[in-house]
Amino acid sequence: MNKEVRVRFAPSPTGPLHIGGVRTALYNYLFAKKNGGKFLLRIEDTDQTRFVPGAEEYIKESLDWLGITPDESPWNPGSVGPYRQSERKADYMQYALDLIEKGHAYYAFDTAEELEAMRERLTAARVVTPQYNSITRTQMKNSLTLPEEEVKARLESGEPYVIRVKVPRKEEVRLNDLIRGWVMVHSSTLDDKVLMKSDGMPTYHLANIVDDHLMGITHVIRGEEWLPSAPLHVLLYRFFGWEDTMPEFAHLPLLLKPDGNGKLSKRDGDKLGFPVFPINWKNKETGETAAGFREQGYLPDAFLNFLAFLGWNPGDDREIFSKEELVEAFSIDRIGKSGTRFDIAKAKWFNEQYLRTESNAALAAFIIEDAKADGIALDQAKAEAIASLTKERCTFPADMWNDNKFIAIAPASFDEQVASKKWNEEAVKVLLNYATSLEGYSGNFDASTAKTMLESSAEAEGIKLGKVMQAVRLAVTGAGAGPDLMEIFAILGVTEVAKRIRYALATLTVVG
RNA sequence: GGUCCGUUCGUCUAGGGGUUAGGACGCAUCCCUUUCACGGAUGAAACACGGGUUCGAUUCCCGUACGGACUACCA
């Protein structure tokens with residue numbers, strides 16, 4: 001196989017992309033890059049009734065956020081465009097007509113009521129699968145049953161019609177899925193799917209095959225929900241005479257809800273306690289916003305890494321992979337077969353891992369911005385010091401500021417539980433000493449100086465530092481837990497520490 | 001209902017005819033430590049079931065159960 005690998009991600013703009021779709025896009029991207037091929041994006045907007053404004057932009061923004069930008073797309077077209085099926089509308093009819101000519105498709109004039117009546121009749125006759133197929137089509141209004149003249153007359157009169165594929169009666173359809181191996185289906189279980197709708201638009205089945213062919217797609221990597229219709233697609237390639245260039249298929253296992261009860265869907269929104277969308281989606285009709293991973297504080301590379309491992313693994317114990325490493329390690333035969341439940345705890349873990357490896361300089365930007373929202377101006381140096389001190393204990397960038405505001409904001413109140421247990425005579429004595437020596441100090445104040453001075457303040461009273469440490473922390477931060485206290489002191493500076501201690505001394509009273 | 005797909009710790013998974021069934025998340029305990037975290041160590045925790053094939057099956061085959069997808073002029 002020396003043909004250039006070309007894969008596509010083909011979402012329909014019916015709303016925000018959900019993470020299952022994002023994973024499909026990711027696998028397509030990884031496969032293309034791994035094989036030096038191209039990753040295309042095609043918008044499948046053949047259902048005019050379900051079109052949602054903004055969905056297309058949403059898809060673009062989501063992929064850009066994750067850095068899996070298509071090589072060819074509506075916004076960056078290659079030579080096989082257009083990349084929106086609605087803009088290719090004029091071309092599909094000739095292919096459908098070609099099929100009719102070859103005897104593999106036919107016109108059908110049945111109304112919705114007639115189709116309904118047929119299904120009811122079949123159901124009443126206890127036919128297990130009522131469908132428009134090789135048997136029932138003989139009783140319907142189509143170009144196979146109607147006289148040629150009448151068909152012509154109906155077409156000329158402008159009567160609405162669809163074009164259906166003529167599925168052979170008895171045939172074994174085989175397909176070799178890259179993930180599942182040979183899948184065999186008997187054509188008698190397939191129905192005569194509509195290829196061209198009465199509004200002149202093709203259905204997914206026709207448009208998909210025609211476009212994949214025209215766009216030189218070599219591998220179709222898509223969700224498992226397409227597996228049942230894959231045999232029909234194989235049949236279509238055959239009817240068109242394109243079997244020799246038919247793409248290889250890989251049907252991805254589905255992303256399931258955390259309880260394993262059904263596949264993850266858009267409607268799950270935030271009900272499950274975590275986002276199902278890559279980025280925020282504002283529903284223009286309801287005005288409601290569905291949460292996205294980006295806005296929740298997930299780093300793009302961490303999210304990508306997490307997503308890649310939902311159904312795929314490299315075969316060894318490594319788990320942290322940059323995008324480039326994923327490309328290098330990726331292969332379709334290491335994709336699993338079974339559905340994957342979505343576990344948000346693991347996603348958080350990945351984010352934590354990535355947060356820790358981010359540079360303090362980069363993280364400082366988050367802290368500065370979040371502090372600003374609280375009306376606090378932080379300089380870069382101070383923000384970097386906070387980042388360095390806090391990033392190892394946080395899941396999201398925003399936690400660095402939100403969980404550690406006390407570093408920049410002097411406590412107005414103190415954790416009562418800690419105060420009642422730790423605020424005692426000894427602590428007061430030590431803090432009194434410490435405040436005094438801090439106030440008389442004007443040299444360089446770093447973490448070790450802060451500690452040395454605190455130690456001597458305790459020693460002077462013959463008190464062990466460990467006994468009063470919590471109280472010291474409480475006095476300066478208002479809380480009983482947090483990052484290394486002496487490092488915090490260094491960030492605060494000698495004057496501020498002394499000031500806070502004086503305030504605590506004046507505010508807190510020793511009880512019991 | 002029918003067609004198709006699937007089933008290893010709670011979750012993501014590695015493995016594959018003979019293994020103490022490995023790792024990760026989460027959980028628990030311990031260590032480190034001025035706290036909380038981080039980190040380190042340890043632990044509990046799995047081959048859905050029944051038949052075959054075989055000297056031997058978690059692994060191969062067949063059933064059953066369970067789960068899922070599909071079953072539109074939606075994708």
* Does a side-chain N or O from A/Lys391 land closer than 4.0 Å to OP1 or OP2 of B/C38, or not? -> no

* Asked: Does any nucleotide pair with B/G63 by Watson-Crick or G-U wobble geometry, both distances under 3.5 Å, and what is it?
  -> B/C49

Can you give each donor-acceptor pair under 3.5 Å made by side-chain atoms of residues 305-316 of chain A, sequence neighbours left out, with the distance rounded to 0.1 Å?
residue, atom, partner, partner atom, Å
A/Asn305, OD1, A/Phe321, N, 2.7
A/Asn305, OD1, A/Tyr354, OH, 2.6
A/Asn305, ND2, A/Glu319, O, 3.0
A/Trp312, NE1, A/Ser331, O, 3.4
A/Asn313, OD1, A/Gly315, N, 2.7
A/Asn313, OD1, A/Arg334, NH2, 3.3
A/Asp316, OD1, A/Arg318, N, 3.0
A/Asp316, OD1, A/Arg318, NE, 3.3
A/Asp316, OD2, A/Arg318, NE, 3.1
A/Asp316, OD2, A/Arg318, NH2, 3.1

* **Parallel, tilted or perpendicular: rings of A/Tyr298 and A/Phe396 (30°, 60°)** => perpendicular

* Structure fact -> In Watson-Crick or G-U wobble terms, with both distances under 3.5 Å, the base opposite B/A28 is B/U42

* Asked: Within the structure, does a side-chain N or O atom of A/Lys263 lie under 4.0 Å from either OP1 or OP2 of B/C70?
  -> yes

* **Polar side chain donor-acceptor pair, A/Tyr204 to A/Asp47, under 3.5 angstrom** => no

* With a 4.0 Å cut-off on heavy atoms, is A/Leu465 in touch with a base, just the backbone sugar-phosphate, or nothing at all? -> nothing

* **Base-pairing mate for B/C4 - Watson-Crick or G-U, with both contacts under 3.5 Å** => B/G68

* Taking atom P in both B/C55 and B/U20, compute the distance separating them and give it to the nearest angstrom. => 22 Å

* Say you pick atom P in B/A45 and the same atom in B/G10; how far apart are they, in whole Å? -> 10 Å

* To do: Pick base, sugar-phosphate or nothing for A/Val162, based on heavy-atom distances below 4.0 Å to the nucleic acid.
  => base

* Asked: Base, sugar-phosphate alone, or nothing: which one does A/Gly223 contact when heavy atoms must sit under 4.0 Å apart?
  -> nothing

* With a 3.5 Å cut-off and just heavy-atom distances, do the side chain of A/Ser198 and the base of B/C73 make a donor-acceptor pair? -> yes

* Is any side-chain N of the basic residue among A/Asp191 and A/Lys193 closer than 4.0 Å to the acidic one's carboxylate O? -> yes

* To do: Ignoring backbone atoms, establish whether A/Arg126 has a side-chain N or O less than 4.0 Å from OP1 or OP2 of B/G1.
  => no

* Structure fact -> Paired to B/G18 by Watson-Crick or G-U wobble criteria (both distances under 3.5 Å) is B/C55

* Syn versus anti for B/C5, judged by chi lying within 90° of 0? -> anti

* Asked: When the ring planes of A/Phe489 and A/Tyr434 are compared, do they come out parallel, tilted or perpendicular, using 30° and 60° as the limits?
  -> parallel

* To do: Using the P atom on both, measure B/C61 against B/C5 and round to a whole Å.
  => 13 Å

Expected rows: protein N/O vs nucleotides 43-45 of chain B N/O, under 3.5 Å:
none

* To do: Please determine which of A/Arg222, A/His219, A/Glu248 meets the side-chain contact (heavy atoms from CB on, under 4.5 Å) test together with A/Val7.
  => A/His219

* At under 4.0 Å between heavy atoms, what does A/Asn261 touch on the DNA or RNA strands: base, sugar-phosphate, or nothing? -> sugar-phosphate

* Between A/Glu358 and A/Lys391, is the closest basic N to carboxylate O distance under 4.0 Å? -> no

* Asked: Taking only N and O in the side chain of A/Thr129, is any of them less than 4.0 Å away from OP1 or OP2 of B/U3?
  -> no

